Asks: 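The structure follows.
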Amino acid sequence: MKIKSIRNVALGLSLMAAVSCTSDFEKINTNPQGANDKETAQDFGNVRGPLKVMFVNILVQMPEWWYQVQQNLQGDIWSGYMATGTAFAGGSNNTTYNLIDGWNGFAWASAYTSEMANFSKVETLTKGKYDDVYAMSLVLKVEAMHRVTDIYGPIVYSKFGTTDSTIGYDSQEEVYTKMFSELDFAVTELSKQADANVKNLSKVDLSTYAGSFEKWTRFANSLRLRLATRLSKVNPTLAKAEAQKALTQKYGVITNAADSFAYVSQTPNAIKTISAGWHDILMSADMESIMGGYNDPRIGKFFAPSKDFPGQYKGVRTGIEINAKSDHEGFSLIGSVGESNTITFMTAAEVYFLRAEAALRGWDAGSAQTYYEAGIAASFTQHGVSDAAYITDNVKTAKAYVDPNFPVNNSAAVNNVTVAWDGAASNEVKLQKIITQKWIANFPEGQEAWSEYRRTGYPKLFPVLKNTSGGTITTQYGVRRVNFVQSEKDGNPGGILTALAKLGGPDNGGTRLWWDTTGPNF
């Protein structure tokens with residue numbers, strides 16, 4: 001990673017993020033050309049630009065180091081997906097629980113200067129005039145911003161765009177409530193247009209849906225199901241109601257690969273650069289333990305065989321003492337799945353696993369086992385692999401982790417469940433199976449995997465061996481959130497006070513979010 005480059009842009013980033021949330025809200029949120037109906041009507045030329053920015057910046061691909069600090073050295077690491085053998089900041093960094101503000105503000109900056117500011121432009125141009133396009137932008141906004149609240153907790157949401165000297169934050173509960181309301185409007189409008197077979201979206205849709213109202217409606221419903229499931233512990237009544245609203249809507253949820261929500265980037269996948277190019281990012285020990293233990297055929301798609309140990313997939317344990325980058329540089333890099341420029345945010349496999357949990361909780365009348373097995377099958381199809389025995393294997397479990405270079409990093413397996421469904425098992429064991437398979441299927445989307453790990457505790461991951469948090473983050477539970485950003489503390493101090501009041505704990509990485517309760521899963 002270009003650490004020097006990051007330091008050089010840190011001040012600029014701080015100013016950019018401050019602008020997005022303080023004095024220049026009105027300028028950012030006002031289209032400088034005005035809402036010119038004639039121009040908008042001409043193939044929505046005014047709308048495509050800001051919508052493209054929204055699509056691209058859900059997960060930044062260029063410059064690659066921005067992706068690295070926006071997500072990779074956050075969710076990708078904390079989810080147990082990937083690891084690094086590079087001793088960033090002298091080995092005291094996010095991977096060892098010393099959260100670096102200079103990294104962690106990038107997710108915030110992207111959210112406000114790209115997502116929220118450009119959504120406001122689209123809203124000005126389309127709301128009340130082209131509500132089908134406005135509905136699509138609402139879904140895109142929810143997709144982008146639920147990731148942000150799941151990183152920080154309270155965020156600027158309903159007050160974005162005001163010119164008040166203090167921009168107040170919404171609690172995470174308030175954000176989720178507003179998002180459900182926004183999805184209500186979006187689904188109503190999108191499904192209405194699907195019924196009429198109107199084609200406006202084809203002029204502005206940059207996703208793989210190519211303007212299909214039916215597919216956008218199914219994605220909106222599936223997104224609602226994801227958000228509803230997130231509330232399973234903190235508000236099970238609301239979670240059930242929202243889940244059932246998604247499942248019973250006319251167009252339903254995603255059920256096949258063609259309906260997976262993805263964006264085709266015009267630039268190379270950043271993962272390829274930071275892994276194969278820079279050798280900063282490698283397979284994690286958790287992936288080696290779980291996928292290796294299951295002899296999972298997807299492992300060859302996700303990772304490349306180790307150069308140091310030919311024919312083997314070797315991962316690196318997160319939160320270890322790193323002496324030199326060369327110590328693990330020959331371990332497994334990210335494979336072909338990290339080379340595709342199709343950036344996928346929701347798959348049919350994920351939705352089947354969401355439905356499996358919904359059935360387990362009594363929200364869906366279907367069979368948890370049927371959905372669970374359909375999720376595995378959908379993931380296998382997505383990656384072009386097969387193994388008829390995998391889904392019925394009730395013997396194989398995760399394997400012990402062995403670091404051939406440094407035995408101090410070795411560990412017995414911790415996520416000890418088999419793949420095969422067991423109808424006689426407890427709901428807790430069934431949930432562990434569901435989340436473990438969802439975790440595998442969602443790779444490499446580490447943000448969602450990290451959120452689900454925090455919610456459920458699954459899959460069980462190896463604890464860090466080196467904790468440099470100074471006691472704010474426990475080794476047992478890991479990072480629960482990211483600190484509020486410095487640009488907000490400097491530029492919107494009154495807003496930060498409202499955020500702290502709604503956070504429910506100190507502003508550090510050990511404080512749990514609203515939906516991340518300490519209670520049992522059932």
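Keep in mind that this is a model prediction, so the values were computed, not measured. In this chain, numbering begins with 1 at the start of the sequence shown. Computed over heavy atoms, backbone and side chain alike; hydrogens, waters and symmetry mates excluded.
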Asks: Looking only at heavy atoms, what is the nearest atom pair of Met291 and Ile440, with distance?
Replies: CE-CG2, 4.0 Å

Asks: Which pair of non-hydrogen atoms, one from Ile77 and one from Thr95, has the smallest distance, and what is that distance?
Replies: CG2-CG2, 3.9 Å

Asks: Check the pair Val482, Trp78 against side chain to side chain contact (heavy atoms under 4.5 Å, CB included), reporting the backbone distance first and the verdict last.
Replies: CA-CA 11 Å; Val482 168; Trp78 298 327; 3.8 Å; yes

Asks: Do any N or O atoms from the side chain of Asn118 and from the backbone of Ser114 form a donor-acceptor pair under 3.5 angstrom?
Replies: yes

Asks: Kindly indicate, with the supporting measurements, whether the criterion side chain to side chain contact (heavy atoms under 4.5 Å, CB included) is fulfilled by Gln70 and Trp103.
Replies: CA-CA 7 Å; Gln70 179 194 24; Trp103 298 0; over 6 Å; no

Asks: Could you pull out the closest heavy-atom pair between Gly211 and Asp205, with the gap in Å?
Replies: N-OD2, 2.7 Å

Asks: Taking all heavy atoms of Val316 and all of Leu282, pick out the closest pair and write down the distance.
Replies: CG2-CD1, 3.6 Å

Asks: Between Ser137 and Leu51, is a side chain to side chain contact (heavy atoms under 4.5 Å, CB included) present by the stated rule, with each step listed?
Replies: CA-CA 7 Å; Ser137 72; Leu51 277 173; 4.0 Å; yes

Asks: Is there a donor-acceptor pair closer than 3.5 Å between any side-chain N or O of Tyr112 and the backbone N or O of Val156?
Replies: yes

Asks: Would you kindly say whether Asp76 and Tyr67 are connected by a side-chain donor-acceptor distance under 3.5 Å?
Replies: yes

Asks: For Pro154, which residues count as a side chain to side chain contact (heavy atoms under 4.5 Å, CB included) partner, sequence neighbours excluded?
Replies: Tyr169, Phe484, Ala499, Lys502, Leu503

Asks: Which residue, Arg147, Arg454, Arg230, forms the salt bridge (Lys or Arg N to Asp or Glu O under 4.0 Å) with Glu448?
Replies: Arg230

Asks: Let me know which of Val419, Thr392, Ile391 forms a side-chain contact (heavy atoms from CB on, under 4.5 Å) with Glu373.
Replies: Ile391

Asks: Scan Met54, Glu115, Arg226, Met346 and name whichever one has a side-chain contact (heavy atoms from CB on, under 4.5 Å) with Glu143.
Replies: Arg226

Asks: How close do Ile271 and Gly338 get, heavy atom to heavy atom, and via which atoms?
Replies: CB-O, 3.8 Å

Asks: Under the rule for side chain to side chain contact (heavy atoms under 4.5 Å, CB included), what residues qualify as partners of Gln266, not counting sequence neighbours?
Replies: none

Asks: Side chains of Asp150 and Gln172: is there a donor and an acceptor less than 3.5 Å apart?
Replies: yes

Asks: Between the side chains of Thr436 and Asn415, does any donor sit under 3.5 Å from an acceptor?
Replies: yes

Asks: So for atom NZ, which belongs to Lys233, do other residues, nucleotides or ligands contribute more than 12 heavy atoms lying within a distance under 6.0 Å?
Replies: yes

Asks: Any side-chain donor-acceptor pair under 3.5 Å between Arg218 and Gln249?
Replies: no

Asks: Does the gap between the ring centers of Phe44 and Tyr130 come in under 6.0 Å?
Replies: yes

Asks: Could you tell me whether Lys245 atom NZ has more than 12 heavy atoms of other residues or ligands within 6.0 Å of it?
Replies: yes

Asks: Ignoring hydrogens and angles, state whether a donor on the side chain of Thr418 or Asn394 is under 3.5 Å from an acceptor on the partner side chain.
Replies: no

Asks: Do His279 and Ile274 come within less than 4.5 Å of each other through their side chains, counting heavy atoms only?
Replies: no

Asks: Taking the six-membered ring for Trp, are Phe443 and Tyr81 ring centroids under 6.0 Å apart?
Replies: yes

Asks: Measuring only between side-chain heavy atoms, which start at C-beta, is Asn295 closer than 4.5 Å to Lys396?
Replies: yes

Asks: Test side chain to side chain contact (heavy atoms under 4.5 Å, CB included) on Asp132 and Thr126; report intermediate values, then the result.
Replies: CA-CA 8 Å; Asp132 50 350; Thr126 62; over 6 Å; no

Asks: Have Glu445 and Gln71 got a donor and an acceptor in their side chains that come within less than 3.5 Å?
Replies: yes

Asks: Compute the centroid of each ring, for Trp108 and then for Tyr152, and state whether the two points are separated by less than 6.0 Å.
Replies: yes

Asks: Do Tyr390 and Asp296 have side-chain N/O donor and acceptor atoms under 3.5 Å apart?
Replies: yes

Asks: Does the pair Asn235 and Tyr176 meet the rule for a side-chain hydrogen bond (donor to acceptor under 3.5 Å, both in side chains), with working shown?
Replies: CA-CA 12 Å; Asn235 191 339; Tyr176 266 68; over 6 Å; no

Asks: List in chain and number order the residues that pass ring pair (Phe, Tyr, Trp, His ring centres under 6.0 Å) with Phe261, two or more places apart in sequence or in another chain; answer none if no residue qualifies.
Replies: Tyr209, Trp216, Phe219

Asks: Would Lys250 and Asp195 count as a salt bridge (charged side-chain N to carboxylate O under 4.0 Å, His left out) here? Give the steps.
Replies: CA-CA 10 Å; Lys250 177 178 179 179; Asp195 291 343; 2.7 Å; yes

Asks: Does the Ser79 side chain pair with the main chain of Gly75, one donor and one acceptor, at a distance under 3.5 Å?
Replies: yes

Asks: What do the steps show when you test Gln193 against Glu189 for side-chain hydrogen bond (donor to acceptor under 3.5 Å, both in side chains), and what is the final call?
Replies: CA-CA 6 Å; Gln193 299 300 330; Glu189 184 62 29; 2.9 Å; yes

Asks: Hey, could you give me each pair passing salt bridge (charged side-chain N to carboxylate O under 4.0 Å, His left out) that has a residue in residues 426-444? Not counting sequence neighbours.
Replies: Lys438-Glu452

Asks: Determine the minimum heavy-atom distance between Ala359 and Ala368, stating which atoms define it.
Replies: CB-N, 3.6 Å

Asks: In a table with atom names and distances, give each donor-acceptor pair under 3.5 Å that connects a side chain of residues 376-384 to protein atoms at least two apart or in another chain.
Replies:
residue, atom, partner, partner atom, Å
Ser379, OG, Arg298, NH1, 2.8
Thr381, OG1, Ala377, O, 3.0

Asks: For Phe185, what residues pass the ring pair (Phe, Tyr, Trp, His ring centres under 6.0 Å) criterion, not counting sequence neighbours?
Replies: Tyr134

Asks: Any chance you could lay out the side-chain hydrogen bond (donor to acceptor under 3.5 Å, both in side chains) test for Thr517 and Arg512, step after step, and finish with the verdict?
Replies: CA-CA 7 Å; Thr517 75; Arg512 291 173 179 263; over 6 Å; no

Asks: Any side-chain heavy atom of Leu227 sitting closer than 4.5 Å to one from Val142?
Replies: yes

